[in-house]
Amino acid sequence: MVFNSYTFVVFFAIVLFLHYLPLAWRTKKINLLLASYLFYALWNPPFILLLWLSTVVDYQMARLIWQEQRPARRKMLLTVSLVLNLGMLSYFKYGGFLLENFTAILSAMGVTFQAARPDIILPVGISFYTFVTLSYTLDVYRKKFAPEPSFLNFALFVTYFPHLVAGPIVRPEDLIPQFKTPRQATARQIYQGLFLLSLGLFMKVTVADGLLADTADLIFGLPFPVRTLDAWIGVLAFSGQIFCDFAGYSTCAIGASLCLGITLPDNFRYPYAAVGFSDFWRRWHITLSTWLRDYLYIPLGGNRKGRPRTYVNLMLTMLLGGLWHGASWTFVVWGALHGLFLCIERLIRDGLDRTRRRRTAAHQEGALSEGTVISRAALGPALSLRGRSGQFLLALLTLFLVNITWVFFRATTFKGAGLLLLSMFGVIPNGAPMLTTTAILTVGLVTVGIIVCHWRMRNSSLERLMERLPWWALGMVWAILLISLVLAQKSTSSFIYFQF
Amino acid sequence: MNQISFRKSAFLAVFLVVAFVAGWEGYWRSQNYELAFNDDESLWSYYRSQVYESSPARPVVIGSSRIKFDLDQNTWEQITGKKPIQLSLVGTSPRPLLTDLGNDPNFRGILLVDVTEPLFFTPDGAFPEKQATRRVKAYPNWSLSQQISFRMNRVLESNLLFLDEEGLSLPALISRLPIQDRPGVWPGPRFPLAWSLNRFDRQTAMTRAFLRDTVMQNQVKAVWNDVREHSPKQAVDGPLLEAILNSVKKSVDQIRTRGGQVVFIRTPSDGPMNIGENLGFPRSKYWDRLLSHTGCRGIYFSDYPELSRFRCPEWSHLTPRDAIPFTRSLIPILEQKTGWKIARHSATPPLVSSTL
């Protein structure tokens with residue numbers, strides 16, 4: 001089920017009704033669990049078995065790991081859990097990809113091998129709930145906390161419908177404690193939740209689907225080069241679309257959950273105002289980046305094993321992060337580019353730190369000897385990189401580079417990505433003009449709107465903004481969101497991240 | 001902001017939304033806008049799921065827009081007792097649909113294929129082919145959730161005019177803004193607002209406003225000219241045509257092997273459109289070859305005086321009034337050509353045009 005459907009409206013109304021009946025908390029949790037299974041089953045009922053399998057196995061494995069004292073046996077139990085979870089993920093998500101590459105390698109070696117084309121349907125949300133259950137088992141293995149004694153709480157933690165199919169990727173500590181005591185939203189939380197639902201739907205239905213998707217689909221679907229302007233507008237359209245689609249889903253999830261009195265972690269924090277790539281990953285798909293940091297980057301050694309190893313770890317983490325998004329080499333390149341930019345940023349930062357330390361030392365020396373040193377880098381006479389304008393320029397530079405990476409994320413082939421990149425940088429000068437003036441203006445205005453909004457909000461939050469606005473202004477904004485939803489009309493298309 | 005302020009905001013928002021919706025709906029009602037159903041993936045999937053019930057009295061119909069206008073489903077129902085399963089898609093080639101039905105091991109029914117040559121013989125990967133392929137691919141993923149939404153949406157669309165995605169949605173409204181296009185960019189066909197409508201049974205019909213307004217009719221003629229100008233100058237030929245014919249034959253054979261039957265129909269076109277089609281796609285090279293290659297029977301409108309006596313106000317489709325006698329005449333011709341028993345004995349011809 002998707003949030004942008006009439007089915008969800010009715011489903012959610014019934015869930016809210018049941019949640020606010022004077023029933024025991026355990027009964028309410030059972031209601032939520034059954035509702036979550038229904039939410040999932042209405043997409044493709046048989047795949048609920050996978051969800052059950054993952055839930056039962058990880059619940060049991062975590063208990064066994066906790067009870068077991070012998071390190072080797074604990075490791076073996078953990079391996080069983082990892083093999084099962086990652087095995088399911090690999091089969092459903094990467095089965096075709098692996099077979100395709102295996103065939104290609106054999107073919108390169110001169111061995112003719114024609115494999116039957118696997119007809120595997122990717123269960124929606126498998127990457128998300130696999131990471132949710134993995135984090136639980138890994139944390140129990142690390143003795144971060146004891147396994148949850150209540151199967152109901154654990155099953156609800158894995159299956160809770162707002163986050164189930166496209167995140168936020170919750171951690172046990174985010175959710176399980178909230179299930180232990182009765183939760184009921186305050187009236188204020190319900191209003192806030194409904195506002196967030198409206199905002200999320202506006203982002204998805206009006207902006208992503210209504211204003212940007214067609215332009216992005218057109219440009220990325222063309223097998224020939226286009227004008228530089230068209231190429232950039234196509235990429236900017238996708239850049240806005242993927243943000244509004246995914247952040248829209250997260251906003252809906254957080255809003256729906258808030259109406260039930262349960263808070264979910266933030267997943268986006270105005271990423272297109274990020275200054276640098278490490279800042280970008282602190283703002284984009286936060287629950288994935290922190291998951292990768294805690295369960296991959298740090299276990300690999302993080303930055304504790306010397307500088308070269310830090311870069312290797314960064315690259316490995318981002319490569320796997322890319323592959324998590326999809327079974328295609330274009331996603332791997334997308335991850336590699338992010339890893340590369342993170343490494344370059346780290347190099348620059350380390351270099352600047354060293355320079356700063358040297359200058360400080362020299363300054364101290366100079367102060368002693370009454371000499372003069374330049375203590376701040378600047379782009380021009382009045383434009384310090386640490387000033388607001390300089391930071392804005394750096395944010396635009398980051399966004400520029402992020403847009404380059406989106407080309408590999410959206411293009412289905414390297415040839416397509418190459419053509420588009422060549423068009424973007426004017427290497428192919430006589431590409432075809434494809435976009436109407438209306439499409440260019442629409443994408444341009446939405447892009448500027450997103451950048452301005454992100455820049456102004458980058459150190460703030462929506463909650464703070466809602467607090468500051470007078471009631472009538474909030475009411476007007478809310479009405480505009482809803483009217484634009486009505487005007488955009490029904491859109492039952494899936495969210496982009498469902499495929500991951 | 002405290003709880004009371006949030007409540008005030010929410011009430012203000014609800015009030016403004018209700019006022020807007022009422023005003024918006026009222027405005028379009030005052031403009032005599034006609035009620036229509038969105039011809040979307042869900043509506044198509046709803047009928048796609050019924051193809052296994054097909055019979056000579058209830059054939060599956062695939063094609064482009066012409067058969068959606070020209071075959072009056074109410075008339076068909078009055079004569080045969082059942083409505084056809086209309087799967088044709090406006091502006092597309094029916095070949096992906098034919099391939100889909102050919103590959104469906106459970107389809108062994110009766111299939112009428114409407115042939116509009118410039119669309120039918122479009123190469124793989126061209127826009128009309130891709131659009132139909134997209135629809136075909138969406139069907140297996142038509143989830144239970146979408147099916148429930150579809151049923152709820154049916155109630156809403158039956159009552160609210162403004163829920164017309166093609167005419168009144170935000171993207172549609174934006175695309176109609178009077179903004180000059182860049183030189184060299186073709187925005188695609190831009191039809192006048194509300195020149196035709198789609199009904200729940202996927203019948204397409206010209207609106208009353210269109211039938212009254214010759215300016216609008218000329219606008220649609222201009223659209224056809226525009227489309228022709230931006231279409232490939234050369235029709236498919238040689239190995240490409242051979243490949244298309246082979247793929248059609250393969251699907252037809254698949255259906256026949258399972259006991260199904262396929263008939264091709266060439267529905268009327270008029271004026272310069274008809275002349276252009278005859279020049280670009282000579283009958284002997286395309287239509288006749290299609291029939292001989294597949295071994296199927298075909299009905300070409302100009303071979304039958306009772307099918308060729310109609311004028312198309314915009315050169316390409318029949319009016320709702322003419323679709324009635326056209327359909328009434330088509331059924332006995334189909335029976336005669338195929339030997340199928342289609343009409344009920346007690347059938348009485350309808351007197352009035354179908355309504356929504």
Side-chain angles (χ1 to χ4, degrees), chain A residues 1-2 5-11 39 41-45 121 186-188 190-192 194-195 198 206 209-211 214 221 223 230 432-442 466-484 486-490 492 494, chain B residues 1-21 24 38 40-42 125 130 138 140-141 143-153 155-157 162-165 168-188:
Chain A
M1 191 187 301
V2 287
S5 67
Y6 295 131
T7 314
F8 178 74
V9 174
V10 174
F11 165 86
F39 182 88
L42 283 178
W43 165 70
N44 195 338
I121 302 172
T186 61
R188 180 194 171 88
I190 291 178
Y191 287 124
Q192 276 183 330
L194 291 175
F195 180 82
S198 311
T206 308
D209 289 353
L211 301 177
D214 286 348
D230 298 68
M434 292 302 296
L435 295 174
T436 62
T437 314
T438 314
I440 292 170
L441 287 174
T442 305
M466 283 161 76
E467 292 292 333
R468 277 208 310 269
L469 281 178
W471 70 268
W472 55 267
L474 183 64
M476 299 273 279
V477 170
W478 203 340
I480 290 169
L481 298 181
L482 292 173
I483 288 170
S484 76
V486 169
L487 275 179
Q489 299 200 15
K490 72 190 167 75
T492 51
S494 281
Chain B
M1 192 182 282
N2 58 33
Q3 180 185 313
I4 294 167
S5 299
F6 266 117
R7 190 183 303 154
K8 279 157 71 178
S9 303
F11 278 119
L12 175 64
V14 170
F15 170 76
L16 290 174
V17 171
V18 171
F20 172 82
V21 168
W24 189 237
N38 291 318
D40 58 15
E41 280 173 6
S42 276
K130 277 203 309 204
N141 301 321
S143 66
L144 289 169
S145 168
Q146 284 172 302
Q147 292 174 39
I148 297 167
S149 285
F150 166 70
R151 287 176 195 280
M152 286 190 261
N153 184 50
V155 177
L156 292 172
E157 280 194 40
F162 78 88
L163 288 179
D164 174 6
E165 206 170 357
L168 303 180
S169 66
L170 185 64
L173 294 171
I174 290 174
S175 73
R176 263 199 295 280
L177 288 174
I179 297 173
Q180 184 72 39
D181 279 317
R182 300 155 73 201
V185 172
W186 185 51

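Residue numbers start from 1 in every chain, and the chains themselves are labelled A, B, ... in the order their sequence lines are given, proteins ahead of strands. Any value given below was found using the heavy atoms of this structure, including those in side chains, with hydrogens, waters and symmetry copies removed.
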- Query: So, the side chain of B:S9 versus the backbone of A:W471: is there a donor-acceptor pair under 3.5 Å, distance only?
  - Reply: yes
- Query: Top residue by heavy-atom pair count (under 4.5 Å) with chain A, among B:A138, B:G125, B:S143?
  - Reply: B:S143
- Message: Tell me if a side-chain donor or acceptor on A:T7 pairs with a main-chain N or O of B:I148 at a distance below 3.5 Å.
- Response: no
- May I have the step-by-step check of side-chain contact (heavy atoms from CB on, under 4.5 Å) for A:M434 and B:V185, ending in yes or no? CA-CA 6 Å; A:M434 292 302 296; B:V185 172; 6.0 Å; no
- Message: According to side-chain contact (heavy atoms from CB on, under 4.5 Å), who are the partners of A:S484, at least two apart in sequence or on a separate chain?
- Response: A:F202, A:T206
- Task: Show the numbers, then the answer: is there a side-chain contact (heavy atoms from CB on, under 4.5 Å) between A:L487 and B:W24?
- Result: CA-CA 10 Å; A:L487 275 179; B:W24 189 237; 3.7 Å; yes
- For B:L144 and A:W43, what are the C-alpha separation, side-chain angles and deciding distance, and is it a side-chain contact (heavy atoms from CB on, under 4.5 Å)? CA-CA 6 Å; B:L144 289 169; A:W43 165 70; over 6 Å; no
- Task: Measure A:M476 against the heavy atoms of chain B and call it side chain, backbone, both or neither at under 4.5 Å.
- Result: both
- Query: What part of A:A41 lies closer than 4.5 angstrom to a heavy atom of chain B: side chain, backbone, both or neither?
  - Reply: backbone
- Item | Check: A:T437 side chain, B:Q180 main-chain N or O, donor-acceptor pair, under 3.5 Å | yes
- Task: Considering only heavy atoms and a distance below 4.5 Å, find which of B:I174, B:V17, B:L177 pairs most often with chain A.
- Result: B:V17
- Task: Examine whether an atom of A:V9 lies under 4.5 Å from a heavy atom of chain B, and if so say whether it belongs to the side chain, the backbone or both; otherwise answer neither.
- Result: neither
- Task: Considering only heavy atoms and a distance below 4.5 Å, find which of A:T438, A:T442, A:L435 pairs most often with chain B.
- Result: A:L435
- Which atoms of A:P223 come close to chain B, meaning under 4.5 Å heavy atom to heavy atom: side chain ones, backbone ones, both, or neither? neither
- Against chain B, work out which of A:V10, A:D230, A:D214, A:L441 has the most heavy-atom pairs shorter than 4.5 Å and name it. A:D230
- Contacting region of B:F162 [heavy-atom separation from chain A under 4.5 Å]: both
- Item | Residue B:E41 versus chain A: region with a heavy atom under 4.5 Å | neither
- Could you state the interatomic distance from OG (B:S145) to OH (A:Y6), rounded to the nearest 0.5 Å? 13.0 Å
- Note on the structure: When every non-hydrogen atom of A:Q489 is compared with those of B:E165, the smallest separation belongs to OE1-N, 3.2 Å
- Item | Check: A:R188 side chain, B:F6 main-chain N or O, donor-acceptor pair, under 3.5 Å | no
- Task: Answer yes or no: are there more than 12 heavy-atom neighbours, outside B:R151 itself, under 6.0 Å from its atom CZ?
- Result: no
- Query: Do you know the tightest heavy-atom contact between A:S5 and B:S149?
  - Reply: CB-OG, 3.4 Å
- Message: Heavy-atom pairs under 4.5 Å with chain A: which of B:L16, B:V21, B:D181 has the most?
- Response: B:D181
- Note on the structure: Cut-off 4.5 Å, heavy atoms of chain A, and the answer for B:V14 is neither
- Message: So, using side-chain contact (heavy atoms from CB on, under 4.5 Å) as the criterion, who are the partners of A:L194 when residues are at least two apart?
- Response: A:I190, A:L197, A:C259, A:W478
- Query: What part of B:L173 gets closer than 4.5 Å to chain A, counting heavy atoms only: side chain, backbone, both or neither?
  - Reply: side chain
- Task: Would you please test B:Q146 and A:V2 for side-chain contact (heavy atoms from CB on, under 4.5 Å) and show each step?
- Result: CA-CA 9 Å; B:Q146 284 172 302; A:V2 287; over 6 Å; no
- Message: Please find the pair of heavy atoms, one from B:P183 and one from A:P433, that lie closest to each other, and give the distance.
- Response: O-CG, 4.2 Å
